[in-house]
4 protein chains.
Amino acid sequence: MGRHSKVHSASTAAPAKTRTEKAAERSAAIVIAALAEFSEKGFAAARMEDVARRAGVAKGTIYLHFKDKQALFEGILLQVITPTIAALEHGVAAGESALALFKGLLPLIRDIDSSPRGDVIRLLISEGARFPELTETHYRVVIERGLAALKKVAQRAVDRGEMRSDALVRFPQLLSAPLLMGIIWTSLFGRFQALDIEAMYDAYIDLLFQDAPRPGNPPS
Amino acid sequence: MGRHSKVHSASTAAPAKTRTEKAAERSAAIVIAALAEFSEKGFAAARMEDVARRAGVAKGTIYLHFKDKQALFEGILLQVITPTIAALEHGVAAGESALALFKGLLPLIRDIDSSPRGDVIRLLISEGARFPELTETHYRVVIERGLAALKKVAQRAVDRGEMRSDALVRFPQLLSAPLLMGIIWTSLFGRFQALDIEAMYDAYIDLLFQDAPRPGNPPS
Amino acid sequence: MGRHSKVHSASTAAPAKTRTEKAAERSAAIVIAALAEFSEKGFAAARMEDVARRAGVAKGTIYLHFKDKQALFEGILLQVITPTIAALEHGVAAGESALALFKGLLPLIRDIDSSPRGDVIRLLISEGARFPELTETHYRVVIERGLAALKKVAQRAVDRGEMRSDALVRFPQLLSAPLLMGIIWTSLFGRFQALDIEAMYDAYIDLLFQDAPRPGNPPS
Amino acid sequence: MGRHSKVHSASTAAPAKTRTEKAAERSAAIVIAALAEFSEKGFAAARMEDVARRAGVAKGTIYLHFKDKQALFEGILLQVITPTIAALEHGVAAGESALALFKGLLPLIRDIDSSPRGDVIRLLISEGARFPELTETHYRVVIERGLAALKKVAQRAVDRGEMRSDALVRFPQLLSAPLLMGIIWTSLFGRFQALDIEAMYDAYIDLLFQDAPRPGNPPS
DNA sequence: TATGAATGAGTCTTCATTCAT
DNA sequence: CATGAATGAAGACTCATTCAT
């Protein structure tokens with residue numbers, strides 16, 4: 001039945017969604033709502049009813065898409081992880097200079113603190129420790145690969161003389177440190193003292209590459 | 001008996017605690033227990049009964065010292081803030097070189113992720129956004145001052161030529177970015193990939209001062 | 001199924017309750033149970049769980065209908081007030097003689113101490129002072145009007161020479177004094193000495209009209 | 001020891017209270033405080049700590065005088081019952097006319113609603129049903145005797161022709177009905193419509209004796 | 001599928017009572 | 001005797017989850 005229902009809905013003019021598509025949309029709406037609620041109130045304090053209301057569905061509907069509250073939490077990460085991986089794998093492939101590569105991240109960083117991606121990071125930071133399995137998945141799928149890629153880029157940069165310090169090779173996490181700091185700062189203290197994450201990141205990258213003999217501009 | 005009790009307590013060598021002292025001890029024990037529970041389970045998910053058990057008191061006893069769960073949370077921050085301020089004010093006063101000053105922080109960082117101080121930071125990161133007033137207090141009392149001090153040190157370092165980049169002057173938060181990153185990393189991914197926060201910090205500081213003409217070795 | 005369910009429910013003869021009707025029934029059941037529990041144990045000592053059990057619902061269900069324990073208390077009065085008003089307004093309209101009117105109340109009084117109306121009165125007497133707003137509503141809606149009506153009837157009776165004393169005109173509350181006394185007596189001392197409230201009331205009314213020249217039997 | 005301690009305290013100039021006397025005073029203070037709290041908040045809702053504070057003693061002290069909360073409640077009634085009985089027994093003995101006797105009660109009624117006696121009555125009305133044993137004692141000791149006395153007076157009044165109706169003989173409770181009504185009214189609705197209990201009582205008594213051929217003015 | 005009324009386990013919080021000082 | 005810190009049983013209320021419609 002499912003596969004052919006498209007025929008029926010085709011009679012309605014506009015979207016013509018299959019049952020599966022509609023389900024996917026619903027799921028997405030729920031995930032988005034959950035992300036907002038969880039990141040705002042915290043996992044434990046967020047109420048399923050509020051998630052439902054925000055997603056525009058009834059309380060029971062959530063349970064048609066997610067086994068329970070925890071599964072909903074997992075759903076959030078999954079939904080965000082997928083596109084991230086793609087982006088990652090692609091990004092490193094290009095043999096650009098590390099500086100160009102890092103600077104190229106800047107647009108992604110702009111307004112991150114008010115974006116869903118920022119919410120996910122905040123959520124992971126706040127609640128991750130309570131969900132070991134999820135965190136492991138996230139580590140295996142995103143972090144591990146991301147850091148490996150980063151390390152490669154950093155090593156390349158050092159080899160090419162773009163970067164003098166090997167700090168980033170030894171601790172590739174350092175690249176994201178200011179980002180985390182920025183997100184946390186904004187969420188906690190942004191009201192009192194705004195922080196331009198993008199500018200901070202820019203300054204940070206310059207710091208990393210400071211003084212390094214530019215390629216083609218070898219130190220005499 | 002009352003009037004002469006001084007005599008009795010004088011005979012017991014060590015403890016001889018006044019009622020007030022005992023109350024303060026109890027409070028401290030409860031705060032420590034609460035810090036552990038809150039940071040482990042999260043504020044909302046932590047159970048007062050577990051806090052009590054961990055502190056070795058009865059459920060009701062907590063309420064003799066703290067109005068409610070939220071007041072307990074506040075108590076944690078307060079108890080930690082006080083010594084921090086003192087440390088801060090003292091630290092900057094000394095006119096040491098920035099490098100020496102920053103390197104001097106290293107011992108404080110060692111094992112921070114498994115220390116109460118690390119717990120407090122984690123707690124603040126995770127739950128701070130849900131306690132705006134507390135966060136404001138913390139900002140006014142600790143962060144604002146700390147950053148101002150940092151900025152001054154950084155500016156001095158730049159003026160003296162110890163540090164080339166002014167990134168730290170513009171974004172003093174950057175100094176703590178690796179620390180946060182380290183704490184978060186350890187709590188989330190430490191199982192999979194240990195991170196030596198101290199070493200990372202050391203490398204980071206070297207990064208900041210890299211290439212800078214050493215004082216006494218002024219650029220010709 | 002949804003669209004045609006009307007057909008199904010039409011086939012079942014009697015109940016066919018809409019969701020709203022069922023909710024109203026539930027509310028009523030809860031109110032009745034609460035009245036019983038509150039009047040038996042007192043507001044503070046009554047347990048919500050017992051109310052629930054008595055109403056045949058789960059604890060949580062009460063909170064779907066009433067915000068909290070106090071709202072439940074309010075619900076009791078509201079549910080009882082409504083019919084009372086109607087009765088009041090109607091009763092006085094008729095221009096009967098005061099004696100006939102008062103004697104007409106007797107059936108209402110019979111067994112009042114074991115009726116829900118008696119429970120409400122007892123509840124109001126016992127707990128009313130702790131719920132000033134509720135009491136005000138009750139006063140405005142029931143008492144004030146009732147007394148005004150009573151006063152009018154009493155005045156008419158005096159004017160017509162049915163009643164000699166003007167006590168009831170000045171203190172219309174007096175009419176209900178024996179009723180209250182009866183209810184209180186029964187609840188406190190009924191075990192030791194039964195009291196026939198109806199008979200007492202009858203005697204009391206005779207007392208009020210004693211010796212008064214009967215209409216149509218004018219004093220010679 | 002107890003009996004002779006007076007000698008010691010006699011050395012202090014003024015009060016010179018024996019241990020027993022001081023204990024009695026404490027008890028009395030506690031009872032008075034409890035009466036106020038219970039009648040204000042209700043038995044269940046009243047807090048022992050508030051009673052203690054009001055009595056100017058520590059929480060634990062109450063338990064030196066009363067076994068538990070219920071015993072405290074009993075203590076209230078006991079403390080009030082004793083003087084009442086004496087008054088009763090004495091009052092009836094005198095062979096005065098019923099009218100004089102009843103009118104003689106008026107001073108006792110003045111301001112009863114704001115007096116401790118009023119509080120006790122209110123307390124008994126509100127909570128009595130929850131303390132069957134206490135109520136029984138009260139009935140046996142106060143009510144039963146009081147009513148019997150009342151009945152005797154009423155009978156005498158009827159016999160003497162002072163009162164025509166035998167309502168009061170059959171239902172001696174009727175005499176106190178307006179009093180109860182007045183106390184309840186004042187506590188519930190006094191804010192909206194003040195009620196002069198004394199005046200009402202006066203009118204009520206007149207009602208009882210209205211029209212009765214005055215003694216010495218026998219009906220022809 | 002979608003709904004939301006119903007459930008009841010789980011938690012915070014209160015407060016009568018005890019007892020070491 | 002007096003105190004008040006400590007206890008822990010008890011109860012109001014919440015909310016994840018189920019299920020009849």
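First the proteins, then the strands, lettered A, B, ... as listed; each starts at 1.
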Which of the following nucleotides, dT17(E), dG8(E), dT17(F), is nearest to the side chain of Ala58(C)?
dG8(E)
What closest approach, in Å, do Ser39(D) and Arg122(D) show between heavy atoms, and which atom pair accounts for it?
OG-NE, 4.4 Å
Phe43(C) and Phe131(C): aromatic ring centres closer than 6.0 Å?
yes
Scan Ala46(A) against the nucleic acid and name what it touches under 4.0 Å (heavy atoms): base, sugar-phosphate only, or nothing.
sugar-phosphate
Of the nucleotides dT13(E), dT17(E), dT7(E), which has the atom closest to the Met48(B) side chain?
dT13(E)
Can you tell me the pairing partner of dC12(E) across any strand shown, Watson-Crick or G-U wobble, with both distances under 3.5 angstrom?
dG11(F)
Within this structure, what is the CG-to-C1' distance between Leu64(A) and dG4(E), rounded to whole angstrom?
12 Å
Value in whole Å for how far the P atom of dG4(F) lies from CG of Asp50(D):
15 Å
Side-chain contact, heavy-atom cut-off 4.5 Å: Ile32(B) with Pro116(B)?
no
Using the side-chain heavy atoms of Asp68(D), tell me which of these nucleotides is nearest: dC1(F), dT7(E), dT17(E).
dT17(E)
Side-chain atoms of Tyr63(B) come closest, of dC12(E), dT7(E), dA2(F), to dC12(E)
Just the rounded figure in Å: distance from P of dA9(F) to CD of Glu49(C).
17 Å
Between Leu72(D) (CG) and dA16(E) (C1'), how many Å, whole number?
12 Å
Side-chain atoms of His65(D) come closest, of dA12(F), dA2(F), dA5(E), to dA2(F)
Ion pair present between Arg54(D) and Glu40(D), side-chain N to carboxylate O less than 4.0 angstrom?
yes
Which one is paired to dT21(E), where only Watson-Crick or G-U wobble pairs with both distances under 3.5 angstrom count?
dA2(F)
Does a side-chain N-to-carboxylate-O contact under 4.0 Å join Arg130(A) and Glu127(A)?
yes
Atom pair distance, as rounded to whole Å: CD1 in Ile30(B) and P in dA5(F)
13 Å
Of all the choices, dA6(E), dG10(E), dA5(F), which nucleotide is nearest to the side chain of Lys59(D) once you look at every atom?
dA5(F)
Nearest whole angstrom, please: distance from the C1' of dT3(F) to the CZ of Arg53(D).
14 Å
With heavy atoms under 4.0 Å as the rule, sort Lys69(D) into base, sugar-phosphate or nothing.
sugar-phosphate
Base, sugar-phosphate, or nothing for Ala52(D), non-hydrogen atoms under 4.0 angstrom?
nothing
The side-chain contact (heavy atoms from CB on, under 4.5 Å) partner of Ile62(C) among Arg26(C), Lys69(C), Met48(C) is Met48(C)
Relative to the 5' end of DNA chain E, which residue comes earlier, Phe43(B) or Thr61(C), by the nucleotide with the nearest heavy atom?
Thr61(C)
In whole Å, I'd like the distance from the CD1 atom of Ile62(B) to the P atom of dA5(F).
17 Å
What's the closest nucleotide to the side chain of Arg26(C) if the choices are dA2(F), dT7(E), dC13(F)?
dT7(E)
Looking at dT7(F), dA10(F), dA6(E), which one has an atom nearest to any side-chain atom of Val57(B)?
dT7(F)
Nucleotide nearest Arg47(C) when distance is taken to its side chain, options dA6(F), dG11(F), dC1(F):
dG11(F)
